[in-house]
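Single-structure report; data block below.
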Amino acid sequence: MRMTDIPFGTTDWSSILPTEHKGETGTAWWRTQTFGGIRVRMVEYTPGYLADHWCSKGHVLLCLEGELHTELEDGRTFILRPGMSYQVADNAEPHRSWTGVGARLFIVD
């Protein structure tokens, strides 16, 4: 990722209207900012959320609240709790996430 032509700025995430993204079950609410080719999101998953697809996009993801289970297409699974993060490259390892209790995440991709 190359970050260019982005002036210094701050983001009040509470002032950004969320967009709804339905999962196979549950809902993800995204508050999104784009800086050049970089998407930055504050995402909240409702309890019982399960992604409706395998994702091949690269991310750097930080769990702020709750608990997030991430399954890789090869069967490995990981659990993120507050203060934990993961990173994965574009087209590297397809993944999908779910949460029983809900989660709030900060994601850069």
Side-chain angles (χ1 to χ4, degrees):
M1 169 184 343
R2 186 157 171 84
M3 300 172 76
T4 60
D5 300 319
I6 302 171
F8 179 85
T10 63
T11 301
D12 176 357
W13 291 100
S14 67
S15 70
I16 297 170
L17 293 177
T19 57
E20 181 179 21
H21 301 264
K22 294 282 189 184
E24 188 172 303
T25 59
T27 303
W29 295 96
W30 298 9
R31 297 174 191 268
T32 306
Q33 291 277 70
T34 303
F35 306 100
I38 299 168
R39 180 174 64 174
V40 180
R41 297 178 284 158
M42 188 72 68
V43 176
E44 293 187 39
Y45 291 125
T46 61
Y49 175 83
L50 170 63
D52 64 354
H53 65 284
W54 289 96
C55 180
S56 293
K57 177 79 176 126
H59 314 283
V60 176
L61 182 151
L62 172 64
C63 181
L64 300 171
E65 294 176 4
E67 184 174 275
L68 184 74
H69 297 250
T70 298
E71 176 185 11
L72 303 186
E73 197 171 42
D74 67 11
R76 289 179 292 158
T77 60
F78 301 88
I79 300 173
L80 294 184
R81 294 181 178 89
M84 296 175 70
S85 65
Y86 77 67
Q87 54 284 327
V88 63
D90 288 331
N91 304 308
E93 297 175 281
H95 52 280
R96 68 177 176 178
S97 295
W98 64 274
T99 178
V101 300
R104 188 163 65 99
L105 312 169
F106 183 76
I107 304 171
V108 178
D109 51 24

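All values below were derived from every heavy atom in this structure, side-chain atoms included, with hydrogens, water molecules and symmetry-related copies excluded.
Across Pro82 and Gly66, no two heavy atoms sit closer than the pair CD-O, 3.1 Å. Closest heavy-atom contact between Trp29 and Pro18: CE3-CB, 4.0 Å.
In the hydrophobic clustering of ILVMFWY residues, with side-chain heavy atoms under 4.5 Å counting as a link, Met42 and Tyr45 come out apart. Put simply, Ile16 and Leu64 are part of the same group of oily side chains (I, L, V, M, F, W, Y) that touch within less than 4.5 Å, one to the next. Grouping the Ile, Leu, Val, Met, Phe, Trp and Tyr side chains by contacts below 4.5 angstrom, directly or via other members, places Val43 with Leu68. Both Val108 and Phe35 belong to a single network of hydrophobic side chains, linked directly or stepwise wherever heavy atoms of I, L, V, M, F, W or Y lie under 4.5 Å apart. Note: the hydrophobic cluster containing Val88 also contains Met84 (ILVMFWY, side chain heavy atoms under 4.5 Å, direct or indirect links).
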Does His69 form a side chain to side chain donor-acceptor pair (under 3.5 Å) with Glu71? I'd like the steps, not just the answer.
CA-CA 7 Å; His69 297 250; Glu71 176 185 11; over 6 Å; no

Give the intermediate values and the outcome of side chain to side chain contact (heavy atoms under 4.5 Å, CB included) for residues Gln87 and Leu61.
CA-CA 6 Å; Gln87 54 284 327; Leu61 182 151; over 6 Å; no

Do Ser97 and His95 pass the side chain to side chain donor-acceptor pair (under 3.5 Å) test, and can you show the C-alpha distance, the side-chain angles, and the key distance before you say yes or no?
CA-CA 7 Å; Ser97 295; His95 52 280; over 6 Å; no

For a side chain to side chain contact (heavy atoms under 4.5 Å, CB included) check, start with the C-alpha distance between Leu105 and Cys63, then their side-chain angles and the critical distance, and finish with the verdict.
CA-CA 5 Å; Leu105 312 169; Cys63 181; 4.0 Å; yes

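For the atom pair CG (Asp74) and CD (Glu93), the distance works out to 6.5 Å, reported to the nearest 0.5 Å. Note that CZ of Arg96 and OG1 of Thr70 are 11.0 Å apart. Values are rounded to the nearest 0.5 Å. A distance of 4.5 Å separates CD in Glu67 from CZ in Arg81, rounded to the nearest 0.5 Å. Note: Arg31 CZ to Ser15 OG = 8.5 Å, rounded to the nearest 0.5 Å. The structure places CG of Asn91 at 9.5 Å from SG of Cys55, a figure rounded to the nearest 0.5 Å.
A cation-pi arrangement is present between Arg41 and Trp30, with the terminal nitrogen or guanidinium carbon under 6.0 Å from the aromatic centre and inside a 45° cone about the axis.
Contact of the Phe106 side chain with the Val40 side chain is registered, since non-hydrogen atoms from C-beta on lie closer than 4.5 Å. Residues Asp90 and Lys57 are in side-chain contact: their nearest non-hydrogen atoms beyond the backbone lie under 4.5 Å apart.
Counting only distance, with no hydrogens or angles, the side chain of Thr99 and the backbone of Tyr49 share no donor-acceptor pair below 3.5 Å.
Sequence neighbours left out, the pairs with a member in residues 4-20 that pass salt bridge (charged side-chain N to carboxylate O under 4.0 Å, His left out) are Glu20-Lys22.
His59 and Tyr86 have perpendicular rings, their planes meeting at more than 60° on a 0 to 90° scale where under 30° would count as parallel.
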